[in-house]
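Some notes on the structure that comes next.
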Amino acid sequence: QLQLVESGGGLVQPGGFLRLSCAASGFTVSDYDMRWYRQAPGKERELVAGIISTGSNTNYADSVKGRFTISRDNAKNTVYLQMNSLKPEDTAVYYCNAHRISILNIYDYWGQGTQVTVSS
């Protein structure tokens, strides 16, 4: 079964930090573009960060650039999101996504999400 499981969310104060984990099973994350999204209540899902399957190239939303870092551990088949200098506006459910377009199909897998709350 193809599966992504997020963990590491929680409640932190402004300026604090968290590391989110996305553990994959049933496929190899090094073969996919891996992404983190977030969604706050009443708002659209937002792309936060991505890492390309063919290398270490990364991209970030302007709102998190310089504060968040996406990385991949191929040995553990896990993707991480290091979140530093957290702000209340970072409060959302964070989702891990695996994405790949092939000749035959579009692959788009999602985890269940993990809650991040930034509040004093």
Side-chain angles (χ1 to χ4, degrees):
Q1 181 177 338
L2 303 175
Q3 187 171 270
L4 292 170
V5 179
E6 301 97 335
S7 62
L11 173 65
V12 296
Q13 294 184 342
F17 59 90
L18 286 172
R19 189 179 75 159
L20 306 183
S21 298
C22 174
S25 60
F27 68 98
T28 302
V29 299
S30 62
D31 294 332
Y32 288 76
D33 297 338
M34 301 300 299
R35 300 165 175 173
W36 286 96
Y37 289 80
R38 67 186 181 188
Q39 188 167 24
K43 296 185 177 180
E44 293 185 350
R45 184 181 59 193
E46 175 190 19
L47 176 62
V48 176
I51 184 167
I52 298 173
S53 64
T54 56
S56 59
N57 292 345
T58 58
N59 64 283
Y60 300 92
D62 289 340
S63 60
V64 307
K65 195 172 299 181
R67 300 187 298 119
F68 290 10
T69 303
I70 187 171
S71 62
R72 180 176 57 217
D73 187 335
N74 292 336
K76 295 183 179 293
N77 209 33
T78 299
V79 176
Y80 303 95
L81 184 67
Q82 180 67 46
M83 310 164 66
N84 298 328
S85 301
L86 285 163
K87 304 175 181 180
E89 65 194 63
D90 296 319
T91 297
V93 177
Y94 284 71
Y95 298 93
C96 182
N97 168 254
H99 182 77
R100 183 168 68 92
I101 299 175
S102 71
I103 296 174
L104 299 178
N105 205 357
I106 298 175
Y107 302 89
D108 201 27
Y109 307 139
W110 293 89
Q112 292 296 307
T114 185
Q115 176 71 48
V116 172
T117 302
V118 185
S119 176
S120 60

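These figures come from a predicted structure and were not determined experimentally. The figures that follow rest on heavy atoms only: side chains count, while hydrogens, waters and symmetry mates do not. Along the sequence shown, residues are numbered consecutively beginning with 1.
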>> So, taking the atom named OH in Tyr109 and the one named OG in Ser25, what distance separates them when rounded to the nearest 0.5 Å?
In response: 11.0 Å
> Do Ile51 and Tyr32 share a hydrophobic cluster, counting only Ile, Leu, Val, Met, Phe, Trp and Tyr and linking them when any side-chain heavy atoms are less than 4.5 Å apart?
Replying inline: yes
> Would you say Asn77's side chain and Val29's backbone share a donor-acceptor pair under 3.5 angstrom?
Replying inline: yes
>> Nearest 0.5 Å, please: how far is CZ in Arg35 from OG1 in Thr58?
In response: 13.5 Å
>> Strictly distance-based, threshold 3.5 Å: is any side-chain N or O of Arg67 a donor or acceptor partner for the main-chain N or O of Ser85?
In response: yes
> Would a distance-only check, ignoring hydrogens and angles, find a side-chain to backbone donor-acceptor pair under 3.5 Å from Asp33 to Ser53?
Replying inline: yes
> Which heavy atom of Cys22 sits nearest a heavy atom of Leu4, and at what distance?
Replying inline: SG-CD2, 3.6 Å
> Under 3.5 Å, is there a donor-acceptor pair between the side chain of Thr91 and the main chain of Val118?
Replying inline: yes
> For the hydrophobic clusters of this structure (ILVMFWY residues joined by side-chain heavy atoms under 4.5 Å, transitively), does one cluster hold both Ile106 and Leu2?
Replying inline: no
> Same cluster for Tyr94 and Val12 if Ile/Leu/Val/Met/Phe/Trp/Tyr side chains link at under 4.5 Å?
Replying inline: yes
> Going through the checks in order, is the side chain to side chain contact (heavy atoms under 4.5 Å, CB included) test met by Asn59 and Leu47?
Replying inline: CA-CA 10 Å; Asn59 64 283; Leu47 176 62; 4.2 Å; yes
> Where do Thr114 and Gly9 come nearest, in terms of heavy atoms and distance?
Replying inline: OG1-N, 3.2 Å
>> Once you measure the plane-to-plane angle for Trp110 and Tyr95, does it fall in the parallel (<30°), tilted (30-60°) or perpendicular (>60°) bin?
In response: perpendicular
>> For the CZ atom of Arg72 and the OG atom of Ser30, what is their distance to the nearest 0.5 Å?
In response: 6.5 Å
> Do you reckon Val64 sits in the same ILVMFWY cluster as Tyr37, going by side-chain contacts under 4.5 Å, direct or chained?
Replying inline: no
> Between Tyr107 and Phe27, does the ring centre distance come in under 6.0 Å?
Replying inline: no
> Closest heavy-atom contact between Ser120 and Pro14?
Replying inline: N-CD, 3.7 Å
> So, the side chain of Gln112 versus the backbone of Glu6: is there a donor-acceptor pair under 3.5 Å, distance only?
Replying inline: no
> Can you name the nearest heavy-atom pair linking Gln115 to Ala92, along with the distance?
Replying inline: NE2-O, 3.4 Å
>> Could you measure the distance from the OG1 atom of Thr69 to the CZ atom of Arg19? Nearest 0.5 Å is fine.
In response: 11.5 Å
> Given the rule that I, L, V, M, F, W and Y join up when any side-chain heavy atoms are under 4.5 Å apart, are Tyr80 and Trp36 in one cluster?
Replying inline: no
> Side chains of Cys96 and Met34: closer than 4.5 Å at any heavy-atom pair?
Replying inline: yes
> Testing Val93, Leu20, Val48 for side-chain contact (heavy atoms from CB on, under 4.5 Å) with Arg38, which one passes?
Replying inline: Val48
>> Less than 4.5 Å apart, side chain to side chain, heavy atoms only: is that true for Glu46 and Ser63?
In response: yes
>> So, taking the atom named CD1 in Ile70 and the one named CG in Asn57, what distance separates them when rounded to the nearest 0.5 Å?
In response: 12.0 Å
>> Keeping Asn84 on the side-chain end and Gly16 on the backbone end, is there a donor-acceptor pair under 3.5 Å?
In response: no
> Between Lys87 and Asp90, is the closest basic N to carboxylate O distance under 4.0 Å?
Replying inline: no
